Structures are given as structure tokens and as C-alpha cells.
Amino acid sequence: MTVWGRRAAIAIGALGVIYGLGFAAEATLIEYVQRIVLLAGINVILAVGLNLINGTTGQFSIGHAGFMAVGAYAAAFFGVKIAPLVHSVLGEGALANGVIFNLALVVGGVFAALAGLLVGAPSLRLKGDYLAVVTLGFGEIIRILFNNATFLGAATGYFGDDPTGLPAYTTFFWVYAWALAVVVAFANLTFSQTGRSLGAIREDEVAAEAMATPTTRLKVLAFTLSAAAAGVAGGLFAHMQAGIRPEDFRFEKSIDMIVMIIIGGLGSISGAVLGGIFVAVTLEVMRDLQEYRLVLYALLLISIMLLRPQGVFGTRELPSLLRRMVKR
Amino acid sequence: MSLLSLERVKKVFGGLSAVRNLDLTIPAGSIFGLIGPNGAGKTTIFNVITGVYKPDAGQIRFDGQEIGGWAPAAVAARGIARTFQNIRLFRTMTVEENVMVAGHHLHRAGVLSAIFRNARHAEDERALRQRSAELLELMNLRELSGELSGSLPYGSQRRLEIARALMLKPKLLLLDEPAAGMNSQEAAELKKQIRRLRDELGVTVVLVEHNMSVVMGVCERIHVVDHGETIAEGPPETVRTDPKVLAAYLGEGASASLVPPS
């Protein structure tokens with residue numbers, strides 16, 4: 001079998017497993033737990049995406065909820081508008097819904113990426129922490145824009161054209177299929193020359209430049225890809241519920257994402273996956289505490305800084321850790 | 001033939017003239033020393049050449065091209081590599097990765113190649129690994145290639161910086177105090193390695209160094225600066241006993257030689 005044939009087989013096998021797991025989850029879990037499982041998958045996409053810029057490249061974005069919002073609104077709006085056309089061609093079945101949904105997710109990712117490019121291109125030319133300041137502002141500006149965009153429902157939120165709200169396209173299968181694709185793509189990128197160059201920028205930008213690394217271009221690339229992942233996650237998030245509101249994408253959401261990657265270990269993809277799942281679960285467990293959860297988060301972060309500043313994984317990855325354990 | 005020439009180059013920081021009307025010519029294929037007392041402007045000269053600082057006046061010609069004011073990455077890609085006085089390795093990355101980072105000329109595969117792991121990506125990775133293994137071998141670091149660069153002893157870190165710089169396939173290599181922190185045995189080894197770089201790889205080497213036994217032992221020509229100005233230029237034998245050089249290093253009226261001939 002050729003390399004590509006083997007890869008296709010692995011991909012189909014993986015999708016089959018995800019499909020089976022999704023089937024089992026929907027059959028056995030109550031709806032409340034299912035929702036947490038979906039959120040965990042979405043968080044994995046968010047965390048792995050954010051980790052590329054914050055962890056691997058070392059340029060801190062603290063407004064990623066803004067890109068998630070752009071993706072969510074773009075995907076929801078596009079999905080609603082394209083649906084009649086797709087239905088007229090493919091009918092009403094699962095196939096048509098799958099096509100609409102995946103197109104919508106791609107559109108969400110592309111719009112978020114464009115927003116990332118717009119924000120990143122000017123601010124990443126500079127060395128230092130300018131990105132943090134700019135992204136913080138961006139996150140707020142985007143939220144306020146959506147708050148006032150009447151064609152997107154303004155502060156009430158966007159519910160599509162149907163009285164029942166946005167279609168509930170988001171299933172276990174699609175969430176985890178996309179999560180797997182994002183993890184594989186970002187891992188492959190991280191463990192390549194591009195990824196090494198991004199790491200070099202994080203470690204010492206002056207030295208990276210002296211080694212002919214096109215630092216600005218690579219930083220913008222990482223940031224744009226990271227925004228794209230947040231956009232896809234936003235699209236998945238949007239189709240989990242009847243509608244999306246600007247309030248869903250507040251500053252706290254950006255902080256949640258940062259918590260995910262710090263808990264797991266900045267710069268580790270395995271860590272980001274773990275952190276994404278962890279935050280989905282703890283957010284639900286702490287739901288009754290309302291805003292006190294921010295206090296708890298702060299305490300959690302402080303304890304991590306004191307006890308294990310590098311996070312659970314440090315910059316290591318699960319496969320290399322397992323190999324080390326086997327060797328011993 | 002000169003590989004690099006600076007003409008009346010000037011660099012001012014506020015009221016301080018770090019480099020004043022400096023003329024400097026580096027012959028192709030030479031091992032060239034740039035020395036001077038602390039604060040003479042040696043590192044500033046390196047930073048102006050490599051684009052970290054833009055010169056306030058003057059011309060910098062490298063290999064037939066004016067490069068004054070270019071961005072550091074462009075200068076590096078054009079063929080000038082450097083090491084840093086205060087070691088600047090990518091500390092959390094392995095020795096091998098440090099070297100591979102500088103392999104841009106070997107790397108053609110784009111982001112999509114990396115994501116989809118196609119044949120071009122595999123080819124690039126193989127070429128990068130092979131070249132970095134050769135350079136690590138040359139600098140006696142082969143056994144350490146899997147170690148984190150930040151955990152290496154000082155002398156090895158300095159040699160790793162040289163290996164990394166060589167990965168750029170430079171025509172000109174600027175070494176900023178490569179022997180700093182090395183013991184005499186390591187320094188002697190370094191001298192041999194610098195000669196090998198020139199003889200085997202054909203790289204022109206310029207070194208800023210305070211260890212006079214290294215400078216006098218390996219350099220064919222030496223340029224002495226003080227307060228951003230040239231005070232002497234010539235082969236080691238004449239520079240060593242030049243009264244102006246001795247005055248700059250040891251004070252007026254000193255009569256000695258910078259290193260007793262060994």
C-alpha cells in the first residue's frame with residue numbers, strides 16, 4: 001500500500017471509531033453529560049489553536065474569544081443563508097446537513113483567520129508584548145460590534161431565520177472529527193522546520209533573526225492559524241444551541257482558554273488537549289458558583305505556578321513521555 | 001580581494017559615538033581579529049554589520065553588494081552568520097534542533113507540506129538532519145545532539161553557537177568572544193576548530209576576542225579599535241608591540257608585549 005493509501009485507511013478507521021464512540025455516547029449518556037463531552041471537544045480545538053501562538057511561538061494573545069466569536073457568527077450566518085440552496089440540490093437528509101455544516105465551519109475558520117491576519121500583521125511586526133494589548137482590545141471591540149450589529153440580532157443574539165433557532169448540527173462525530181484534524185495538523189506543523197522556527201522565536205527572537213528566520217511572517221502565520229482554529233471551534237459552539245449572543249464571548253472566555261493551555265503546559269499539544277477537557281469539566285462542576293469560579297481559577301493558576309510552573313506536561317508531549325517511561 | 005568592507009561607518013547612541021568613521025576591510029578567506037579594550041565598540045561593529053543596528057553613516061559592502069541598513073534576517077540569508085557574546089541559544093530546544101533552525105537554505109517545503117507530511121517535507125527534514133549532524137561532528141558535539149542546549153556546559157554552548165551559525169552556509173562568520181569562559185585546553189581546541197572552518201569550509205572568520213593567546217595564535221590580520229576608532233591594523237607580530245595598542249590596553253607609557261611570545 002502506498003503512504004497515502006495507508007493514511008487514508010487510518011483516517012477512515014479513526015473516523016469510524018469516532019462515529020462508534022459518538023453512537024455509544026448518544027445512547028448511554030444523559031443530555032447534560034453529552035453537552036459537556038461536546039464542549040470538551042470544542043475546548044480541545046480552542047486550546048490546541050491558542051497553544052500554537054501563546055505556547056509554541058511565545059506571543060501572548062489574550063483576546064481569542066474574539067476570533068471564536070467571529071467564527072461563530074460567520075458560520076451561523078453562512079449556514080442559515082446557504083441552507084435553502086443546499087437543500088434544494090441535496091434534499092433534506094443528513095448528507096445535506098453535513099455539507100452545510102462543514103462549509104459553514106470552513107467559512108467560520110476563514111473569517112476568523114482573516115480577522116487574525118488583520119490584527120496580527122501590524123502588531124506582530126513589533127517585538128514584545130504588544131500582541132497582548134492589541135488582542136485584549138480586539139476581543140472587546142468584536143463583542144461590542146456584535147452587540148450592535150442588528151442584522152446579527154445585536155444584544156439579543158443571532159438565532160437564524162427559523163423560530164426554532166439555529167439548527168443543531170453539532171454532534172459528537174463532527175466535534176471530534178474536527179478536533180482530531182486540528183490536533184494532527186497542528187502537531188505536524190509544530191514538529192517541522194516551521195515549528196522549530198516558531199520555537200526559536202519564542203526562545204530568542206534576536207538569535208532567530210540572526211539565523212535568517214523570517215520572524216514576522218512566521219508569527220503572523222502562527223497567529224492566523226490559531227485564529228482559524230478558534231473560528232472553527234466557534235462554528236461548532238454556535239450550532240450546539242439555539243443561538244449565540246455576544247455575551248458568550250466575553251473576556252472570561254479568553255481567560256478560560258489561557259487557563260487550558262497553562263494547566264496542560266504551555267507549548268505542549270498533549271497538554272492543551274488535557275487542559276481543554278479539564279476546563280470543560282470543571283466549568284460545569286463549578287457552574288453553581290457563578291462568578292466565584294474566577295476566584296477559584298485564579299487560585300488554581302497560582303497553585304500551578306507555585307507547585308508545577310511548567311504545567312502538567314511542560315513542553316513535552318505524551319508520546320515522548322510514554323517512551324521515557326517504557327525505557328525505565 | 002575583500003569580502004566585507006566598511007567605509008566611514010558611524011554609529012551614535014544619544015551623545016555617545018560608539019563607532020566613528022570606521023574603515024575596515026576583511027580579505028576573503030582570512031581569519032581576522034577585531035580587538036580593543038572593553039567598550040571600544042567591537043560588538044557594536046558586529047551589530048551594525050549584521051543589521052541589528054542601522055549605521056548612522058557610511059557604507060557596508062559585502063560580497064559586491066551594499067548591505068547597510070538591511071534587516072538582520074536578510075543579512076544572515078545573504079551569507080553573514082554570527083555568534084553572540086552573551087550566548088543566545090534556543091535553550092529549551094535540543095542541540096540538534098538549535099542547528100536545524102538555521103537551515104533555511106535547505107528548506108523549501110511550506111506549511112502545507114509540513115501538515116500533510118508529503119515527500120518534499122521528508123526530503124527537507126532528511127537534508128536538515130544530515131547537515132546538522134555533519135556540523136555537530138565538526139564542532140565535537142555529535143554525542144550531545146539530543147540534549148537540551150540550555151543544559152550544556154559553557155564551552156559546548158559556545159561551540160554549538162558556531163555550529164548553528166555554520167548551518168546558514170555563511171561566507172563570513174562573526175564570532176563574538178568565542179573563547180570567553182573556556183579553559184586553556186578548550187581554547188586551544190577552539191583555535192584548531194577555527195582554522196578547520198576556514199580551511200575545510202572556506203568560511204572567512206572574524207573574531208572579537210579578549211583571550212590574546214587565541215587572537216594572536218589564530219588570526220592572520222588584526223584590527224584594533226578604541227573608542228570606536230581604528231588605532232592599529234596589521235599582522236599579529238606588529239600589532240602586539242604597537243605602542244598605541246599597548247597604551248590603549250595597558251595605559252600610557254607601558255612597554256611590553258600583549259602576550260609573551262610562546
Side-chain angles (χ1 to χ4, degrees), chain A residues 2-4 6-8 10-11 52 55-56 58 125 127 181-222 224-225 228 265-268 310 314-316 320 323-324, chain B residues 46-47 50-52 71-84 86-94 96-119 121-122 124-125 127-129 148-150 161 164-165 167-170 174:
Chain A
T2 64
V3 180
W4 290 100
R6 194 165 61 234
R7 286 179 184 175
I10 292 172
L52 184 71
T56 307
R125 297 190 160 274
K127 293 188 185 72
V182 167
V183 169
V184 170
F186 277 59
N188 280 352
L189 185 67
T190 303
F191 297 100
S192 74
Q193 178 71 2
T194 306
R196 279 189 290 272
S197 298
L198 294 177
I201 292 171
R202 174 194 65 213
E203 290 299 308
D204 193 324
E205 198 166 340
V206 171
E209 279 180 335
M211 299 306 134
T213 308
T215 52
T216 303
R217 191 162 61 76
L218 287 173
K219 284 191 286 183
V220 172
L221 172 82
T224 304
L225 288 174
L266 270 178
S268 162
Q310 71 274 39
T315 53
R316 291 180 193 287
S320 77
R323 241 175 281 138
R324 280 159 60 101
Chain B
F46 271 15
N47 282 336
T50 54
V52 176
V75 174
R78 183 69 182 77
I80 303 183
R82 70 174 297 182
T83 65
F84 294 90
N86 47 339
I87 300 174
R88 283 174 170 268
L89 288 169
F90 310 125
R91 297 179 61 84
T92 65
M93 296 163 68
T94 66
E96 185 188 41
E97 285 168 342
N98 266 269
V99 179
M100 286 169 86
V101 164
H104 256 75
H105 56 285
L106 290 172
H107 178 67
R108 265 160 206 89
V111 173
L112 289 178
S113 289
I115 289 176
F116 290 103
R117 300 269 133 150
N118 63 10
H121 167 83
D124 272 12
E125 285 287 299
L128 283 164
R129 261 177 230 290
L148 290 186
S149 66
E161 275 215 327
R164 183 179 67 174
M167 189 71 175
L168 280 164
K169 284 208 171 156
L174 309 179

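Reminder, nothing fancy here: chain letters follow the sequence lines and each chain counts from 1. These values consider heavy atoms only, across backbone and side chains, with no hydrogens, waters or symmetry-generated copies. None of these values were measured; they are calculated from a predicted model.
Neither the backbone nor the side chain of T50(B) has a heavy atom closer than 4.5 Å to any heavy atom of chain A. Neither the backbone nor the side chain of D124(B) comes within contact range of chain A; no heavy atoms are under 4.5 Å apart. Within the 4.5 angstrom heavy-atom criterion, atoms from both the backbone and the side chain of F191(A) approach chain B.
Between F186(A) and L225(A), some side-chain heavy-atom pair lies under the 4.5 Å cut-off. At least one side-chain heavy atom of M211(A) sits under 4.5 Å from a side-chain heavy atom of L168(B).
Chain A forms the most heavy-atom pairs under 4.5 Å with one residue out of H121(B), E125(B), R91(B), and that residue is E125(B). In terms of non-hydrogen atom pairs under 4.5 Å with chain B, the most contact-rich of V184(A), L221(A), V206(A), T190(A) is V206(A). Of the listed residues (R164(B), R82(B), R78(B), E97(B)), the one with the most heavy-atom contacts under 4.5 Å to chain A is R164(B). For chain B, the option among A200(A), A185(A), S192(A), G267(A) with the highest count of heavy-atom pairs below 4.5 Å is A200(A).
Rounding to the nearest 0.5 angstrom, the gap separating the CE atom in M100(B) from the OG1 atom in T94(B) is 8.5 Å. Here F84(B) contributes atom CZ and D204(A) contributes atom CG; the two are 6.5 Å apart, rounded to the nearest 0.5 Å. To the nearest 0.5 Å, atom CG of residue L128(B) and atom CD of residue Q193(A) are 5.0 Å apart.
What you find for E161(B) and R88(B) is that their closest heavy atoms are OE2-N, 2.8 Å.
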